[in-house]
Amino acid sequence: QVAIGNALATATAAMINAQHKVGNLFELERPAGSMMVALEPIKDMLASTGAHADQRDACAGGAPWRTPLILHTATHEVGRQLVAKCPGCKTHIRLRGRAPNGVDWTKVASPYWPAWARQVARIWSAAIWQCRQITSVDQAPMMITDGNDTHNDVLRNSGFTPSGGRSLK
């Protein structure tokens, strides 16, 4: 498991470093308390890109559990907009044991809460649009889906054009 974790950390850091070097925006999300940032490749990448951590709790997007998530980005203006801590919920579902349907609560809560994801995507979409207006139109597009799109829909909406005279079918 340690070898797999280090390999994934190395690949993740390489992809983020490549994006950052060509001027593209990035975000690395992890649950608060995750040991990911202790891995050397991630630690080095965060330092070299000047990324900082901002917390956004799942309940800020309406989830019935808190789940604090840490979003790392070198784009400080976006990071500040991403911050959203618990708005003062009276209770949160504790992610221990099983939900009434027999599934572990952690598994139930593992996907992003839809409203939370839409809020984050909206913030990033606006930032990328602004960045494109200010800098280059040749940056890689951000692919955002509402969850009902096919892979081809997402690629088509992102402005993707296959090379070699091919087309999306």
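Counting begins at 1 with the first residue of the sequence. Keep in mind that this is a model prediction, so the values were computed, not measured. For the numbers below, each heavy atom of this structure counts, side chains included, while hydrogens, waters and symmetry mates do not.
Taking the salt bridge (charged side-chain N to carboxylate O under 4.0 Å, His left out) definition, one finds that Asp44 meets it with nothing, sequence neighbours left out. Under the rule for a salt bridge (charged side-chain N to carboxylate O under 4.0 Å, His left out), the partners of Lys43 that lie at least two apart in sequence or sit in another chain are Glu40. Under the side-chain hydrogen bond (donor to acceptor under 3.5 Å, both in side chains) criterion, Arg118 pairs with no residue at all, not counting sequence neighbours.
The CG atom of Asp104 lies 13.0 Å from the CZ atom of Arg96; values are rounded to the nearest 0.5 Å. Rounding to the nearest 0.5 Å gives a distance of 15.5 Å between CH2 of Trp124 and CD of Gln119. Annotation: the span from Glu27 atom CD to Ile123 atom CD1 amounts to 9.5 Å, rounded to 0.5 Å. Atoms CZ and NZ, from Arg66 and Lys85 in turn, are 7.5 Å apart once rounded to the nearest 0.5 Å.
By the rule that hydrophobic residues join a cluster once side-chain heavy atoms approach within less than 4.5 Å of another member, Val37 and Leu82 end up as members of separate clusters. Note on Leu95: it clusters hydrophobically with Val108, by side-chain heavy-atom contacts below 4.5 Å among ILVMFWY residues. Val78 and Leu46 fall into different hydrophobic clusters, where Ile, Leu, Val, Met, Phe, Trp and Tyr residues are linked whenever their side-chain heavy atoms come under 4.5 Å apart, directly or through other members.
A 4.5 Å side-chain heavy-atom check between Met36 and Leu28 finds at least one atom pair inside the cut-off. The closest side-chain heavy-atom distance from Thr67 to Asp57 is not below 4.5 Å. Phe26 has its side chain out of reach of Thr75: every pair of non-hydrogen atoms, C-beta onward, lies at least 4.5 Å apart. Under the 4.5 Å side-chain criterion, counting only non-hydrogen atoms from C-beta, Met45 is in contact with Thr49. In this structure, the side chains of Tyr112 and Leu69 come closer than 4.5 Å at one or more pairs of heavy atoms. Side chains of Val83 and Gln55 form no contact here, defined as non-hydrogen atoms less than 4.5 Å apart. Counting only heavy atoms from C-beta outward, the side chains of Pro87 and Cys59 approach each other to under 4.5 Å. Residues Ile70 and Arg56 are not in side-chain contact: their nearest non-hydrogen atoms beyond the backbone lie 4.5 Å or more apart.
A donor-acceptor contact shorter than 3.5 Å links the side chain of Thr10 to the backbone of Asn6. Between the side chain of Trp105 and the backbone N or O of Arg98 there is at least one donor-acceptor pair closer than 3.5 Å. A donor-acceptor distance shorter than 3.5 angstrom exists from the side chain of Ser110 to the backbone of Lys107, with no hydrogens or angles considered. In this structure, the side chain of Asn101 engages the main chain of Val103 through a donor-acceptor pair within 3.5 Å.
Side chains of Gln19 and Asn17: no donor on one and acceptor on the other come within 3.5 Å. The closest side-chain donor-acceptor pair between His52 and His76 falls under 3.5 angstrom.
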(message) Is there a side-chain contact (heavy atoms from CB on, under 4.5 Å) between His20 and Ser48? Walk through the geometry before answering.
(response) CA-CA 10 Å; His20 185 68; Ser48 70; over 6 Å; no
(message) Checking Thr12 against Ile42 for the side-chain contact (heavy atoms from CB on, under 4.5 Å) test, could you report, in this order, the C-alpha distance in whole Å, the side-chain angles of both residues, the deciding distance, and whether it holds?
(response) CA-CA 8 Å; Thr12 300; Ile42 300 295; 4.1 Å; yes
(request) Take Ile16 and His72 through the side-chain contact (heavy atoms from CB on, under 4.5 Å) test and state the conclusion after the steps. (result) CA-CA 11 Å; Ile16 290 174; His72 296 271; over 6 Å; no
